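Quick notes on the structure that follows.
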Amino acid sequence: MVKRTRKHLKTVFNSVSFKLFALLLLLLLLLFGLHSMIYSSMQTRIYEKTVGQGAYRASDLVKKSLYRLMLMNEREELYHTILIIGDEPGIESIRIYNKRGEIKFSTREAEIGKIVDMKAEACYACHAAYKPIESLSMQKKTRIYRTTEGRRIMGLINPIRNAPECWNNACHAHHEDQTILGVLDVQMSLDELDEALAQTRNTVYTVSGGIIILAMILFAILVYYIIYRPINQLRSGTLRLAAGDLDHRIDMAREDEYGMLASSFNNMATNLRNAYNELKEWSNKLSSRVKQKTQELEEMHKGMLQVEKMASLGKMAASVAHELNNPLAGIVNYSKLLERKVRNHFPESGEQKKIINELELVRSEAMRCGNIVRNLLAFARGQGADIKETSLDEIVQKAIELTRHHMELSGIQAEKKIELEEDFIKCDPDQFLQALIALLVNAVEAMPQGGKLMISAESSEKDPENVLIKVSDTGVGIPEEIRDKIFEPFFTTKKEKKGVGLGLPVVYGIIQRHHGKIWVESEPNQGTTFIIKLPAARKKMSIHESKEFKS
Ligand SMILES: Nc1ncnc2c1ncn2[C@@H]1O[C@H](COP(=O)(O)OP(=O)(O)OP(=O)(O)O)[C@@H](O)[C@H]1O
Ligand SMILES: [Mg+2]
């Protein structure tokens with residue numbers, strides 16, 4: 001908490017607004033201080049000058065009023081008059097010295113007869129280097145000093161000059177050469193002046209203080225609106241941008257440098273947002289491309305494994321088929337020979353018929369084995385393919401015709417939908433028909449309770465070089481765990497000799513020879529779709545209208 005407060009204070013003290021405010025305040029204090037000092041010292045000087053002039057006039061008045069009494073040498077009366085004048089408010093004391101500095105008269109009785117120090121400030125002005133000076137400037141005639149109680153006193157010396165009346169008078173003989181007879185020293189209290197000065201000073205300081213406070217408030221408001229607020233707005237905007245809020249904009253309707261800065265900031269934020277969006281879009285594209293490529297690679301890998309597996313299975317099947325072919329042909333031929341011999345050499349009887357029937361059974365089973373062997377060879381290496389441009393629609397139609405009986409028995413509706421720019425595909429028509437029939441038979445067998453069978457063909461703009469042929473049914477579907485095995489020879493789920501497991505391997509072998517691909521998509525209890533990808537024959541032709549066929 002203390003650390004945070006210290007950090008906050010440090011931020012405040014380091015801020016431009018605070019520095020400007022402090023500078024302005026310092027300048028203001030300096031100006032007002034200087035002004036107050038000059039003003040009050042000038043005021044003091046003016047006051048003191050005025051008081052000095054007043055005091056000199058008063059002292060002149062005293063001198064003139066005492067002049068006659070001095071001339072008549074009426075000392076008692078003179079002393080009495082000085083006492084009366086000395087009682088006047090503002091007058092501290094009145095003295096008269098003779099030229100030697102002896103106090104001849106004083107309102108303070110105790111001083112009379114004392115010799116003043118000629119080197120003291122009051123005398124020094126006239127008696128510098130012990131040479132009396134006749135005329136002194138007003139400034140030099142006055143002196144201000146402090147009493148032991150700290151009060152200020154203004155002393156004013158007024159020389160009493162020798163005049164013809166003085167040296168001609170019989171009462172006291174002053175020599176004619178003597179210019180100064182003595183000095184009238186009037187001392188006036190500056191209490192009232194000091195009080196007035198203190199009052200003026202107080203007023204000046206109070207007014208200055210008030211003006212400084214007002215100016216401070218004004219400065220604070222100005223600094224807040226002109227500097228702190230816009231800078232803070234810009235600062236918080238930058239912080240938000242740095243924190244990742246790229247949609248933040250600074251709302252500042254000003255046309256000064258701050259306004260320009262805010263609009264530059266907003267432009268920068270917009271550019272950043274666009275760059276970020278572009279980057280994000282690119283990264284999304286890239287990741288989806290990576291995903292797609294990974295999937296493609298996985299599929300390719302799977303396909304290669306499958307091809308490898310099929311190739312090795314094919315080799316084995318080919319050698320087994322080759323080895324079986326000759327003995328099977330021998331069994332068929334010998335069973336035919338035996339049948340003929342039995343027919344020719346044995347009389348017609350129930351026993352003869354039974355033997356002939358059994359020999360026919362041997363032959364048909366051997367022929368069935370022969371068929372299997374042929375299929376195995378067709379899967380393994382086939383007989384090569386006689387590839388030519390063929391109408392897909394015609395082959396599909398033929399396949400449907402050939403399996404129509406099957407479909408009718410199971411109550412299946414078949415539909416074909418050929419949407420190709422070009423109806424022709426590159427294939428060996430006999431082999432492709434065989435493959436299509438195998439797929440249709442499987443579909444029919446997967447829908448014993450009836451259903452829908454759809455044969456469709458399409459080509460996409462993305463891949464105009466190839467044609468996709470789909471055979472879909474609404475049958476039992478293929479469970480995921482056996483989907484990898486269905487193209488292997490002798491894999492079948494059909495019990496009681498109903499299936500050998502060579503239909504799909506043969507289809508696979510045929511599609512391979514056509515440089516195509518076959519794969520399956522299936523949903524258990526929903527249906528199965530076999531998809532064949534084959535190279536298209538030609539490129540541009542009108543779209544072949546879809547035809548519907550109901551079995
Ligand atoms: N349309 C389909 N719906 C559901 N399962 C299918 C479908 N087509 C193939 N299968 C599954 O694939 C297995 C293999 O099929 P394949 O055609 O190779 O052999 P088969 O049909 O069992 O026997 P046959 O050699 O007589 O064709 C089938 O046993 C079946 O389980
Ligand atoms: Mg089959």
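This is a predicted model, so every value here is computed, not measured. Indexing begins at 1, ligand by ligand and atom by atom, following the structure's order.
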- [ ] Please report which non-hydrogen protein atom sits nearest to atom 10 (N) of ligand 1, along with the residue it belongs to and the distance in Å to one decimal place.
- [x] I478 CD1, 4.2 Å

- [ ] Could you tell me whether E299 and K302 make a salt bridge, using a distance below 4.0 angstrom between a side-chain N and a carboxylate O?
- [x] no

TODO: Identify, for atom 2 (C) of ligand 1, the protein heavy atom at the shortest distance, and state residue, atom and that distance.
DONE: A446 CB, 3.8 Å

Open item on the list: Just to confirm my output: which protein heavy-atom neighbour is closest to atom 14 (C) of ligand 1, and how far is it?
Closed with: F491 O, 3.3 Å

Open item on the list: Just to be sure I read this right, does ligand 1 sit under 4.0 Å from the backbone of F530, its side chain, both, or neither, counting only heavy atoms?
Closed with: side chain

Open item on the list: Using 0.5 Å steps for rounding, measure from the OG1 atom of T528 to the NZ atom of K470.
Closed with: 14.0 Å

Open item on the list: Can you tell whether the side chains of E296 and K293 come within less than 4.0 Å, N to carboxylate O?
Closed with: yes

TODO: Could you tell me whether the side chain of R483 and the main chain of S522 form a donor-acceptor pair under 3.5 Å?
DONE: yes

TODO: With heavy atoms under 4.0 Å as the rule, classify the contact between D473 and ligand 1 as side chain, backbone, both or neither.
DONE: side chain

- [ ] Return a yes/no value for G501: is any of its N or O atoms, backbone included, closer than 3.5 angstrom to an N or O of ligand 1?
- [x] yes

- [ ] Let me know which of H405, M407, H406 forms a side chain to side chain contact (heavy atoms under 4.5 Å, CB included) with L409.
- [x] H405

Open item on the list: With a 4.0 Å cut-off on N to O distance, would you call K336 and E339 a salt bridge?
Closed with: no

Open item on the list: For atom 21 (O) of ligand 1, what is the closest protein heavy atom, and at what distance to 0.1 Å?
Closed with: K494 NZ, 2.6 Å

Task: Pairwise side-chain contact, L440 with I455, heavy-atom cut-off 4.5 Å (strictly under) - done: yes

Task: Salt-bridge contact K398-E394 (side-chain N to carboxylate O under 4.0 Å) - done: no

Task: For G499, the ligand 1 atoms whose distance to one of its heavy atoms is below 4.0 Å - done: 23 (O), 26 (O)

TODO: Would you mind running through ligand 1 and noting each atom that sits below 4.0 Å from a heavy atom of T492?
DONE: 20 (P), 22 (O), 29 (O)

Task: Ring geometry between F265 and H248 (parallel below 30°, tilted from 30 to 60°, perpendicular above 60°) - done: perpendicular

Task: Ion pair D463/K533, N-O distance below 4.0 Å - done: yes

- [ ] Give, for atom CG of L23 and atom CZ of F219, the distance between the pair rounded to the nearest 0.5 Å.
- [x] 10.0 Å

Task: Closest protein heavy atom to atom 16 (P) of ligand 1, given as residue, atom name and distance to 0.1 Å - done: L504 N, 3.6 Å

Task: L502 N/O to ligand 1 N/O under 3.5 Å - done: yes

Task: Options N442, V507, V476, ranked by nearest heavy atom to atom 17 (O) of ligand 1, top entry - done: N442

Open item on the list: Is T492 close enough to the Mg ion (ligand 2) that one of its N, O or S atoms comes in under 2.8 Å?
Closed with: no

TODO: For ligand 1, note which part of T528 has a heavy atom under 4.0 Å away: side chain, backbone, both or neither.
DONE: side chain

Task: Nearest protein heavy atom with distance in Å, relative to atom 11 (C) of ligand 1 - done: I486 CG2, 4.1 Å

Task: ligand 1 atoms in contact with A443 (distance to a heavy atom under 4.0 Å) - done: 1 (N)

Open item on the list: If I take atom NZ from residue K353 and atom OG from residue S349, how far apart are they, to the nearest 0.5 angstrom?
Closed with: 9.0 Å

Open item on the list: Need the ligand 1 atom indices (1-based, order shown) with element for anything under 4.0 Å from a heavy-atom of P505.
Closed with: 18 (O)

- [ ] Please report which non-hydrogen protein atom sits nearest to atom 30 (C) of ligand 1, along with the residue it belongs to and the distance in Å to one decimal place.
- [x] T493 OG1, 3.4 Å

Task: Those atoms of ligand 1 less than 4.0 Å from some heavy atom in V500 - done: 23 (O), 24 (P), 25 (O), 26 (O)

